[in-house]
Amino acid sequence: MSRLDPPRLSRRSFLSLASLGSFFAALGTAAAGIFRLPNPAVLPGPVRRFKLGPPEQFSAGSETAFAEQNLVLFRDDEGFYAISSTCTHLGCTVARSKDGFACPCHGSRFDSKGSVIGGPAPRPLPWLEVSRAANGDLIVSADNEVPEDTRYRV
Amino acid sequence: MAEAATREFLHNLYELPHTVKDACFRLGKTPESEREESQATFHNLFLHIHSVRVHVRTLKPTLTFGLGLMATASFVITIITGVLLMVYYKPSTDLAYQSIKDIHFTVSTGRFIRNIHRWSAQLMVLVVLLHMARVFFTASYKKPREFNWLVGLGLLVITLALSFTGYLLPWDQLAYWAITIGSNIANSPREFTDAIGITKFFDPGGFQKRLLLGANYVGQDALIRFYVLHVFVLPLALVTLLGVHFWRIRKDGGLAKPEDPPGGLAEWGGERRPVFQPLATKTYGLMALVKGKRPPVNRGPENTVMSWPHLFWAELSVFMVTVAVTLILSFYYDAPLKELANAAIPENPAKAPWYFLGIQELVSYSAFTGGLLIPVIVVVGLALIPFLDRRPGGEGTWFGTNNERSVFWQSLFFACAVTVGMLAFTVNYGWLRNWFPNIHQLWIIAINPGSLLVAIFAAWSLFILKRKDAVRLSAVSLFTCFLVGFTLLTYFATVHRGPNWHFYWWPSQWPVH
């Protein structure tokens with residue numbers, strides 16, 4: 001054995017290192033397990049599909065705000081559309097203003113089609129999917145976004 | 001024999017108060033000599049974290065203003081009042097608001113106790129910030145105290161987290177909307193991941209929000225999580241770190257102070273005491289060599305005084321002052337309680353507690369930059385200070401090295417001018433989104449009044465570094481800018497932001513709604 005050879009790992013230090021390694025591996029696994037628990041596997045919460053009533057209830061050119069459902073339902077000549085009133089910035093509820101919508105929390109402003117015209121909001125207000133129930137009532141699915149200018153014809 | 005036992009029994013009974021007292025207090029009397037004063041200190045679990053003798057400089061009120069101790073005192077007050085509030089508080093969305101109302105209107109002394117809890121918590125945040133400023137401007141983070149600076153930073157973060165989690169518990173409008181905003185700030189990395197289109201694969205924002213709320217909205221899961229964090233996890237973490245903080249003060253040699261001049265006289269209480277002068281022939285034992293840079297040759301142990309009673313009087317008076325301040329505030333000003341939380345109508349304006357309002361102002365430019373990026377940059381920057389500024393000097397003295405005071409004033413004026421200018425510009429002319437409605441979100445994340453302020457402050461400190469050729473002075477300029485920015489943004493958002501986050505000169509001009 002020349003002096004340049006690295007010293008051989010003794011059985012004792014190998015076993016020590018191995019046991020230390022398994023200790024840290026176990027610790028890491030435990031930590032991962034600990035962080036898995038608070039990460040919910042199923043998100044609790046009500047189904048966000050709202051029955052808003054028969055289409056005849058809303059006249060053409062009307063807009064109806066549903067405060068509890070956090071959305072505004074519009075009807076124009078082409079059909080129905082629904083815009084979410086939850087601000088895309090930090091989740092406050094926007095209110096109707098002169099030129100569209102305004103957020104009370106940090107001053108984001110949107111036009112009446114939900115596009116951002118000022119303030120910190122990163123995205124336009126989402127357009128929500130409109131459909132009909134078996135009995136003919138309008139349904140808005142607040143979890144399903146649709147592209148802007150999508151209309152639902154009755 | 002029986003008679004003797006009876007007599008002994010009666011004697012023991014008669015002596016009972018004395019023997020019990022002697023069993024509890026080892027010294028058993030007010031210490032009269034320095035030896036007994038030492039014993040009084042180190043025979044008591046709660047006093048023995050102090051050294052027996054303390055340097056006269058560290059007792060000077062203007063060195064520390066007792067800020068660290070005041071923070072501890074206000075923490076003790078929040079613990080005591082917090083446990084009392086737990087007797088009646090019920091962490092459920094149906095009952096929380098009513099239980100706070102009960103505490104406020106029905107429970108004997110409940111309103112007062114809740115006020116004390118709130119005011120001491122606010123005082124704690126304020127004092128922790130001031131304590132950090134004190135440690136910085138007296139250069140007390142320098143070797144060997146770098147680690148304790150980091151521990152202190154951890155304590156600051158936990159203090160803010162405690163405050164934030166406590167904010168939700170009343171379940172009123174303020175609580176609900178502040179936490180909605182807060183949890184969406186945790187969600188705000190999405191602003192960046194959405195902008196580059198990778199949210200589907202990599203979504204740290206959504207993960208953070210789910211971890212915090214246990215759901216996609218603020219509800220029962222969020223309330224119980226915040227409750228557990230507020231009453232158990234965070235206080236435990238704080239107490240543990242506080243133990244480390246105190247321990248390290250002792251291990252690092254007490255509070256930072258300049259070296260004593262060799263020889264000379266120390267002044268204490270109008271007395272002049274001779275400083276320890278070693279004989280030239282004295283040889284030092286090994287015990288003098290094992291610890292410290294060198295044996296205490298020419299350094300005077302006579303510059304210290306007994307901790308009992310000098311230090312303990314000082315500590316007791318800081319405690320008393322803290323208690324007095326919280327009591328007076330709580331007597332005159334009630335902790336607010338708004339209407340029951342309502343997910344349909346946001347509070348307008350929905351303002352966070354004052355120490356988060358600076359961040360809220362930044363968030364009103366960009367949620368990701370203002371709510372996460374800049375706070376993280378600030379905390380990392382603060383953590384790096386003792387490792388980038390390593391030249392010894394000025395420890396334990398306010399503005400201890402050359403030119404510190406002038407750099408401080410220059411930076412103060414510079415930062416005031418820049419911050420006020422930036423705010424005035426933003427209020428008057430708006431920002432990128434107002435000029436170019438279709439601009440890509442990445443531009444706004446990168447360039448907004450908040451990120452520009454940080455960049456200008458960093459440039460200023462680099463300028464000072466070049467111009468003054470001293471790392472410490474550069475650190476002083478940056479820290480001063482940070483303090484000014486924090487203070488002005490907080491003030492601006494508190495006073496000048498009204499409904500819809502519009503600018504108003506005074507809250508009295510807010511429109512009635």
Side-chain angles (χ1 to χ4, degrees), chain A residues 32 34-48 50 65-72 84-111 113-124 126 142-143 145 148, chain B residues 177-178 180-185 187-188 190-192 194-195 207 210-221 225 342-351 360-371 430-431 433-435 437-439 441 444-445 448 497 499-503 513:
Chain A
I34 285 169
F35 273 96
R36 271 199 72 165
L37 184 134
N39 186 25
V42 177
L43 290 173
V47 180
R48 305 214 309 138
F50 305 113
F66 292 87
E68 248 170 62
Q69 290 85 347
N70 275 331
L71 57 91
V72 186
S84 161
S85 55
T86 301
C87 183
T88 53
H89 179 228
L90 292 174
C92 292
T93 307
V94 298
R96 203 75 168 94
S97 66
K98 277 189 295 257
D99 45 358
F101 301 93
C103 181
C105 293
H106 304 100
S108 291
R109 288 183 295 115
F110 306 86
D111 66 13
K113 288 198 162 181
S115 303
V116 187
I117 49 175
R123 292 189 298 127
D143 289 326
E145 275 187 45
E148 203 182 315
Chain B
W177 289 102
T180 300
I181 293 170
S183 60
N184 278 314
I185 289 177
N187 193 32
S188 66
R190 273 205 184 165
E191 193 179 312
F192 180 69
D194 276 347
F207 175 73
R210 280 199 308 278
L211 212 56
L212 209 54
L213 298 186
N216 275 332
Y217 62 97
V218 180
Q220 179 62 56
D221 294 84
R225 277 168 195 236
N342 181 348
I345 306 158
E347 188 77 359
N348 189 6
K351 286 196 180 180
Q360 193 168 350
E361 176 67 24
L362 294 179
V363 156
S364 76
Y365 312 136
S366 155
F368 179 57
T369 314
W431 203 251
R433 181 73 73 196
N434 304 79
W435 313 327
N438 293 322
I439 193 170
Q441 184 62 27
I444 294 179
I445 291 177
N448 60 58
R497 288 297 191 182
N500 291 0
W501 212 245
H502 287 164
F503 175 82
H513 57 279

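Computed from a prediction, not measured in an experiment: that's the story for all the values here. Residue numbers start from 1 in every chain, and the chains themselves are labelled A, B, ... in the order their sequence lines are given, proteins ahead of strands. Worth knowing before you read on, the calculation uses all heavy atoms, side chains too, and leaves out hydrogens, waters and symmetry mates.
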Counting only heavy atoms not in B/F192, do more than 12 sit closer than 6.0 Å to its CZ atom? no
For the residue pair B/I181 and A/C92, establish whether any side-chain heavy-atom pair is separated by less than 4.5 Å. yes
Contact class of A/A67 relative to chain B, heavy atoms under 4.5 angstrom: both
Measure distances from B/E361 to the heavy atoms of chain A and classify the residue's part below 4.5 Å as side chain, backbone, both or neither. neither
Where does A/N70 contact chain B at under 4.5 Å (heavy atoms): side chain, backbone, both or neither? side chain
Partner chain A: residue of B/Q220, B/R225, B/H502 with the largest heavy-atom pair count (under 4.5 Å): B/R225
Chain B contact via A/A121 - which portion, at a heavy-atom distance below 4.5 Å: backbone
Donor-acceptor contact present, side-chain A/R123 to main-chain B/D194, <3.5 Å: no
Look at B/L213, B/L211, B/N438, B/I345 and state which one has the largest set of heavy-atom pairs under 4.5 Å with chain A. B/L211
Which atoms of B/R190 approach chain A - backbone, side chain, both or neither, heavy atom under 4.5 Å: neither
Which region of B/D221, side chain (C-beta onward) or backbone (N, CA, C, O), has a non-hydrogen atom less than 4.5 Å from a non-hydrogen atom of chain A, or is it both or neither? side chain
Non-hydrogen atoms of chain A under 4.5 Å away: do they reach the side chain of B/Y217, the backbone, both or neither? side chain
State, yes or no, whether a side-chain contact exists between B/N500 and A/R109 at a heavy-atom distance under 4.5 Å. no
At a 4.5 Å cut-off on heavy atoms, which part of B/A215 comes close to chain A: side chain, backbone, both, or neither? both
Under a 4.5 Å heavy-atom cut-off, does chain A meet the side chain of B/S366, its backbone, both or neither? backbone
One option among B/I444, B/V363, B/I445 has the most heavy-atom pairs under 4.5 Å with chain A, and it is B/V363
B/W431, B/F368, B/F207, B/W435: which one forms the most heavy-atom pairs within less than 4.5 Å of chain A? B/F207
Who wins among A/S108, A/S97, A/G91 for the most heavy-atom pairs under 4.5 Å with chain B? A/G91
Which atoms of A/C105 are under 4.5 Å from chain B, going by heavy atoms: the side chain, the backbone, both sets, or neither? both
Please report the shortest heavy-atom distance between B/W501 and A/G107, naming the atom on each side. CB-N, 3.7 Å
Taking every non-hydrogen atom, the tightest pair across B/R433 and A/P122: NH2-O, 3.9 Å
If you take all heavy atoms of B/W177 and A/T93, which pair is closest and at what distance? CH2-OG1, 3.4 Å
Tell me the closest heavy-atom pair linking B/N434 and A/G119, and the distance in Å. OD1-N, 4.2 Å
All heavy atoms of B/G214 vs all of A/L43, minimum pair found to be O-CD2, 4.3 Å
Show the nearest heavy-atom pair for residues A/P104 and B/E347, with the distance to one decimal. CB-O, 4.4 Å
